[in-house]
Amino acid sequence: MLNKLLLALSSLGALIIVLSVFAASAAISTGLRPVRRLVLATERITRTQELQPIPVHGDDELAQFTRSFNVMLKALTRSRDHQRALIVDAGRDLFTPLTALRTNLELLIMASDSAVPTLSDSERQALSSDVIEQIGQLSRSVGELVDRARASDLARGTAPPPPKPPAYIDATASCGI
């Protein structure tokens, strides 16, 4: 009889352990489901580069983390939009002086060809002055674009240190060019 009782209690204990394992597994799975959703959402954002907010479920710490992540996504979206606008502005600001510079350089190159009628000294000098002025205008436009980007970075508190001028600038400055 004692053996039967021992067998019954051992069987009941084993059954309780198995049921406890299944219950714990279900509880852990349910508890980790929001974490898994967040991980999948962040992986989707990384893979697709689509900065769409992640749906928030509940009011717990994970929901708070998801809200914070969504705030970061909004900041990244604003930064990306600002970057695109800066690139569009740069293209627009640089296109006209580059076109004029190219045209004038092509005229100077064609004028040096013996098969094409030559330019007078005053025309060549005027064209050379235009090229130099257009290079200056292009340099100023690039400087303004860089300053605009830096001002935006300073406003956000993310400004990198100013770049060191290239060596050829120092060399031309010492030559008086």
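At least one side-chain heavy atom of Asn104 sits less than 4.5 Å from a side-chain heavy atom of Gln134. You'll find the side chain of Pro97 reaches within 4.5 Å of the side chain of Gln137, heavy atoms only. Side-chain contact check for Leu138 versus Glu133: every heavy-atom pair is 4.5 Å or farther apart. Two residues are said to be in side-chain contact when any heavy atoms from C-beta on lie closer than 4.5 Å; Ser122 and Gln125 fail this criterion.
The two atoms that bring Pro53 and Leu73 nearest to each other are CA-CD1, 4.1 Å, heavy atoms only. Smallest separation of non-hydrogen atoms from Ala63 and Gly58: CB-O, 3.2 Å. Looking at every heavy atom in both residues, Val35 comes nearest to Leu62 through N-CD2, 3.3 Å. Residues Arg124 and Leu108 come closest through the heavy atom pair CG-CD2, 4.1 Å. For the pair Arg80 and Gln49, the tightest heavy-atom approach, listed with the atom from each and the gap, is NH1-O, 3.0 Å. Contact detail for Glu50 and Ile45: the closest heavy-atom pair is O-CG1, 3.5 Å.
Applying the 6.0 Å contact sphere to CG of Asp60 captures more than 12 heavy atoms from other residues, nucleotides or ligands. The 12-atom threshold is exceeded at CZ of Phe69, counting heavy atoms of other residues, nucleotides or ligands nearer than 6.0 Å. Within a 6.0 Å radius of CD in Glu61, no more than 12 heavy atoms belonging to other residues, nucleotides or ligands are found.
In this structure, Leu94 is not a member of the same hydrophobic cluster as Ile87, with clusters built from ILVMFWY side-chain heavy atoms closer than 4.5 Å. Note: the hydrophobic cluster containing Leu38 also contains Leu32 (ILVMFWY, side chain heavy atoms under 4.5 Å, direct or indirect links). Put simply, Leu76 and Phe65 are part of the same group of oily side chains (I, L, V, M, F, W, Y) that touch within less than 4.5 Å, one to the next. No path of Ile, Leu, Val, Met, Phe, Trp and Tyr side chains, each step under 4.5 Å between heavy atoms, connects Leu7 with Ile17, placing them in separate hydrophobic clusters. Taking hydrophobic clusters as Ile, Leu, Val, Met, Phe, Trp and Tyr residues chained together by side-chain heavy-atom distances below 4.5 Å, Val142 does not share a cluster with Ile132.
Contact check on Arg84 versus Asp81 returns a salt bridge, with a Lys/Arg side-chain nitrogen under 4.0 Å from an Asp/Glu carboxylate oxygen. Under a 4.0 Å N-O distance rule, the pair Asp147/Arg140 does not qualify as a salt bridge. Ionic pairing of Arg102 and Glu106 is present here: one or more N-O contacts between side-chain nitrogen and carboxylate oxygen are shorter than 4.0 angstrom.
Taking CG from Leu9 and CG from Leu5, the interatomic distance works out to 4.5 Å, rounded to the nearest 0.5 Å. With rounding to the nearest 0.5 angstrom, the CG atom of Asp130 is 11.0 Å from the CD1 atom of Ile135. Summarising the geometry, atom CD1 belonging to Ile109 is positioned 6.0 Å from atom CG belonging to Leu105; distances are rounded to the nearest 0.5 Å. Asp89 contributes atom CG, which lies 11.5 Å from atom OG of Ser141 (distance to the nearest 0.5 angstrom). Atom CD1 of residue Ile54 and atom CG of residue Leu51 lie 10.5 Å apart, to the nearest 0.5 angstrom. In this structure, the separation between OG on Ser10 and CG on Leu15 is 12.5 Å, given to the nearest 0.5 Å.
Just one residue in the list Arg37, Arg44, Glu43 forms a side-chain contact (heavy atoms from CB on, under 4.5 Å) with Leu40, and that residue is Glu43.
A donor-acceptor pair under 3.5 Å is formed between the side chain of Thr103 and the backbone N or O of Thr99.
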